[in-house]
Structure formats: C-alpha cells, structure tokens
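Counting starts at 1 for both ligands and their atoms, in listed order. Since the model is a prediction, treat every value here as computed from it, not as a measurement.
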Amino acid sequence: MRILKFFMNPALLAIMTVLASGCDFATAPKEEIHSDGKTMGTFYTITVVGDYPGGQKGLNRDAEEVLHRINKEISTFDKDSILSKFNNTSSTAPFRITQDMADVITTSIRVGAELNGAMDITVGPLVNLWGFGPKKDKNEENKIPTIDEIQKAKANIGLDKLHVEITKNAAYLRKDNPDIYVDLATVGEGYGADKLAELLDRKGVQNYMVAIAGAIRTKGVNNRGRDWVVAIEDPRNDQAVGQNMMVPVCTGGQAISTSGSYRNYLAKNDGKVYTHIIDPATGKPVNHRTVSVTVIGPTALWTDAMDTGLLVMGGEKALQFANERNIPIYVIMRNENNDGFEVHYSRAMQNYMQCE
Ligand code: ADP
Ligand code: MG
C-alpha cells in the first residue's frame, strides 16, 4: 500500500511488468475477462481466462467488494478502519479484530521474526515520524527527525509488543502500551492479492492472474494455454522508460512480489532524498545500494512481507539469507561507482528464470 503522490524515478518505474507470454500463434487465444481499478493508493488488475459468474460486471463488483472490506479492516489511511481504531485507542485491553486480520497479523509477526525484525509491522511510529504516514503536513515531510525523536519512536517498536489472541468465538489484538502503532501497508498489497485469488478460487476460476501494484498471484495458464510469465526489469541497460531488458520469470502458480526503495520517497530540507522503507534497527530510511528485491513464494502475503525485510537487510545479506533457506529472490543494486546497476539472484531463483 502506498500513496503515489511522491516523485518517482521514471527510469525505474516499471520494475515488474506483466508480459503476455508465449508466441504460440498457432493456438487461437481463449476469451479473457479483465478488471482493474484503484485500491490501497495504487492499482490492481485481474485477468481471468474463460468465464466468470456475471461476466466482467460480476468480477468488478466482487473484486471491489473484497478490496473495500480489506481497506475497512487494515488501512491506516482510513481513520475509521478497524486497525486505525486499534491504533487510536489508548486502551491496552484485548481489542476485537476479524479472523482475517488475525491471520495477516500473525503471519506478519512470524515472518518479521524470521527476518530478525527487518520487517516489522509495529514500525508505524517511525514511518509517521519520517513523514510517510497518514498524519502529515508539509513541515513534517521536510524535516529530519532528531536522534531524540528517533529514540522515543523506537521505544514503541517491536514485534514482541503486539499480541494476537484467539478465543473459541473471536479474535483479539492487544498492545503492550498505548503508543504502539501497527502499519500493515507493506503487506497490504500481498494480502489483497491473496484475497482476490481466494475469491477467484471460490468462484471456480482455474486460470487467472491478479496483481496489486508489485504483488502478483497466478494460477493455471494464460489465454494461450501457456504458463503465466511475469517480467522483472533488468535496469543494467537503462536507456529510457520501457527500453530495459526484461527477465521473464515463470512463477509456476506461486506468488511473486517486489519491494523497491525508489518507488516512494521524500526530498527533505537537507537536500537529500529518503525512501519510505525504514530500517527498524537504525530508525532511519534505508540508504544502501540495494534498490529492489523480488521474492517468489507460496502466498503474496508471505512474499510481500519477505521482500520488504530483505530490502532492509540489503542485497548481500538478503542473498545469503535466501540461499540458506532456498528462497527464490532477485536483487537489483546500484553498482559501486553509483553510475549503473547490477543484478543478483539466489540459487533457487534460477529454476524460475527458464520459462518453457
Ligand atoms: P514496497 O512495495 O516498495 O515494498 P510498500 O508500499 O509495500 O512498498 O511498503 C512500504 C510501506 O511499509 C511504508 O510506506 C511504511 O508504511 C511501511 N514500512 C516501511 N518500512 C517498513 C519495515 N521495515 N517493516 C514493515 N513496514 C515498513
Ligand atoms: Mg513488501
């Protein structure tokens, strides 16, 4: 989830593009139904091969309903969402949430812990402090927080300060102190893509691709009966928008998502540019050479949580982490001279880079 009001680097805009795959012109393509729109401050697209109950109208309506419900649950940009109400209450008593919210928060805490807290959904106070949260004015956006402010915000951050409690009839969220602020922005797109995929599964759709910004779910085959292909941009030959080489990736029905430090950033009054991805350990926006990490995995929620943490870790550590656990990742870094880019990928990624 992000707001698209900040500057973007046009040369790096299209880190992940969906390619129509296969050049099998002998086979006539099957009918497709498309649906797209705006959600979570970004865009979503759904491609269904074959029919959907109620056709395109039915698909639009159902997708909007799913996304609307998610926003009402977890958006911190909607002050009436369940999560905003939890963030705004000073009570530390168990707070009733939905079972879906309990699932997404439990998974986020688990993956965050595996990443040693590099992805931390309690990072909200720092996100807000650096001017990337929902409450901000121009002064806030421009100013650099003091060390003291950063220290104070860090005191309220930590995955161990947030607890999901499930009883027989209901799910609850509890915080250790009133200033804990939960930010599900970084996993929201992945979670949303999973929920759209779940909708299509429920409706019996066998072949589809769902994307919310950089979080993608695929199932089955495309309209030419071939594997879905997702393209990751290789920026090494960066000449102009759309001129970059594309690396085709066949996800084989898995989820894929990308986290990029270049997509949303602010220029502050020291003349420097700061990304919206924050390292909870330092309390500051990351400023290493790694500009994006793409991850393949079983659900888009999982990959979306992973990609953010791996980006925070930086390319070298991320590749070591991924190789130790057999996770397919693709990393784009600025080169040492800072005049171009280099691309690295984990061993497990190689299997996905040889599309038939
Ligand atoms: P990207 O797609 O580039 O990963 P997202 O929009 O998915 O970006 O996530 C970025 C948002 O996540 C930030 O705007 C902030 O709200 C939140 N965030 C920033 N740093 C972290 C972090 N280390 N862990 C969890 N959430 C973070
Ligand atoms: Mg992410």
Side-chain angles (χ1 to χ4, degrees), residues 1-6 8-9 12-16 39-44 74-77 83-84 87 104-105 107-136 141 153-154 157-159 162 181-194 211-216 255-266 274-288 290-297 299-314 318 329 331-332:
M1 264 191 246
R2 64 210 148 86
I3 339 180
L4 291 170
K5 60 180 273 210
F6 304 103
M8 295 202 182
N9 178 345
L12 279 173
L13 197 60
I15 204 72
M16 191 185 277
T39 186
M40 305 178 186
T42 182
F43 299 93
Y44 73 89
I74 64 163
S75 173
T76 45
F77 291 89
L83 191 63
S84 289
N87 284 334
V104 68
I105 293 169
T107 303
S108 302
I109 293 175
R110 181 175 50 78
V111 179
E114 281 168 35
L115 290 155
N116 278 325
M119 195 290 293
D120 185 333
I121 56 170
T122 68
V123 78
L126 282 169
V127 174
N128 295 337
L129 186 62
W130 282 93
F132 291 105
K135 288 177 255 164
K136 60 188 162 210
E141 281 189 13
K154 277 181 72 176
I157 291 167
L159 293 167
L162 189 66
Y181 184 102
V182 181
D183 178 355
L184 294 175
T186 206
V187 290
E189 292 157 5
Y191 172 58
D194 286 342
I212 303 184
I216 297 178
I256 181 166
S257 69
T258 298
S259 180
S261 61
Y262 55 86
R263 287 206 290 181
N264 187 342
Y265 49 86
L266 282 172
Y274 293 87
T275 170
H276 67 148
I277 305 291
I278 292 176
D279 184 346
T282 62
K284 296 178 183 169
V286 297
N287 70 346
H288 47 52
T290 307
V291 295
S292 92
V293 178
T294 297
V295 179
I296 296 178
T299 66
L301 171 59
W302 186 85
T303 62
D304 212 2
M306 264 297 158
D307 64 20
T308 308
L310 294 175
L311 181 70
V312 168
M313 277 184 194
I329 73 165
V331 179
I332 300 175

Asks: Could you check which of T275, D183, I157 puts a non-hydrogen atom nearest to atom 15 (C) of ligand 1?
Replies: D183
Asks: Can you tell me if, anywhere in T258, an N/O/S atom lies at a distance from the Mg ion (ligand 2) that is smaller than 2.8 Å?
Replies: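 Looking at T258, which is the residue asked about, there is no N, O or S atom under 2.8 Å from the Mg ion (ligand 2).
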Asks: Considering the heavy atoms of V312, write down every atom of ligand 1 situated less than 4.0 Å from one of them.
Replies: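 Listed by number with element: 23 (N).
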Asks: So if I count the atoms of ligand 1 from 1 in the order they appear, which ones are less than 4.0 Å from some heavy atom of A118?
Replies: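 Reading through ligand 1 atom by atom, the close ones are 22 (C), 23 (N).
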Asks: Only heavy atoms of I278, strictly under 4.0 Å: list the atoms of ligand 1 that pass.
Replies: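 Reading through ligand 1 atom by atom, the close ones are 19 (C), 20 (N), 21 (C), 22 (C), 23 (N).
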Asks: Are side-chain heavy atoms of V312 and M119 found at a separation under 4.5 Å?
Replies: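 The answer is no, as the side chains (C-beta and beyond) never meet within the 4.5 Å cut-off.
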Asks: List ligand 1 atoms under 4.0 Å from I277, heavy atoms only on the residue side.
Replies: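 Result: 4 (O), 10 (C), 19 (C), 20 (N).
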Asks: Does the side chain of V127 reach to within under 4.5 Å of the side chain of Y181, using non-hydrogen atoms?
Replies: no
Asks: For T76 and L184: C-alpha separation, side-chain torsions, deciding distance, then whether side-chain contact (heavy atoms from CB on, under 4.5 Å) applies.
Replies: CA-CA 8 Å; T76 45; L184 294 175; over 6 Å; no
Asks: With a 4.0 Å heavy-atom cut-off (strictly under), which part of P280 contacts ligand 1: side chain, backbone, both or neither?
Replies: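 Contact part for P280 vs ligand 1: side chain (C-beta onward).
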Asks: Using a plain distance cutoff, I'd like to know if D307 has any nitrogen or oxygen under 3.5 Å from a nitrogen or oxygen of ligand 1.
Replies: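 Among all N and O atoms of D307, none is under 3.5 Å from an N or O of ligand 1.
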Asks: Short N/O distance, under 3.5 Å, between S259 and ligand 1?
Replies: yes
Asks: So with a 6.0 Å cut-off around NZ of K154, is the heavy-atom count from everything else above 12?
Replies: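 Above 12, so yes.
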Asks: Quick one: look at T258 and ligand 1, take heavy-atom pairs under 4.0 Å, and tell me if it's side chain, backbone, both or neither.
Replies: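 Contact part for T258 vs ligand 1: backbone (N, CA, C, O).
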Asks: Begin with the C-alpha distance, continue with both residues' side-chain angles, and end with the deciding distance and a verdict on side-chain contact (heavy atoms from CB on, under 4.5 Å) for V295 and W302.
Replies: CA-CA 9 Å; V295 179; W302 186 85; 3.9 Å; yes
Asks: State which residue, out of I109, D183, L83, fulfils the side chain to side chain contact (heavy atoms under 4.5 Å, CB included) condition with I121.
Replies: I109
Asks: Between M306 and V111, does the side-chain contact (heavy atoms from CB on, under 4.5 Å) criterion hold? Intermediate values first, please.
Replies: CA-CA 7 Å; M306 264 297 158; V111 179; 3.9 Å; yes
Asks: Nearest heavy atom to atom 14 (O) of ligand 1: which of M40, H276, E189 does it belong to?
Replies: H276
Asks: Does any N, O or S atom in D307 come within less than 2.8 Å of the Mg ion (ligand 2)?
Replies: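 D307 does place an N, O or S atom closer than 2.8 Å to the Mg ion (ligand 2).
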Asks: Go through it in stages, so that I can follow the logic: the residues are I296 and T303, the test is side-chain contact (heavy atoms from CB on, under 4.5 Å), and I'd like the CA-CA distance, side-chain angles, deciding distance and then a yes or no.
Replies: CA-CA 6 Å; I296 296 178; T303 62; 5.5 Å; no
Asks: Mind reading off the angle at the Mg ion (ligand 2) between the O atom of D304 and the OG1 atom of T308, rounded to 10°?
Replies: 90°
Asks: Sub-3.5 Å donor-acceptor pair from the side chain of D279 to the main-chain atoms of K284, do we have one?
Replies: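 No; judged by distance alone, with no hydrogens or angles, the pair does not exist.
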Asks: Would you kindly specify which portion of V127 sits under 4.0 Å from ligand 1, judged on non-hydrogen atoms: side chain, backbone, both or neither?
Replies: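 The part of V127 near ligand 1 is the side chain, not the backbone.
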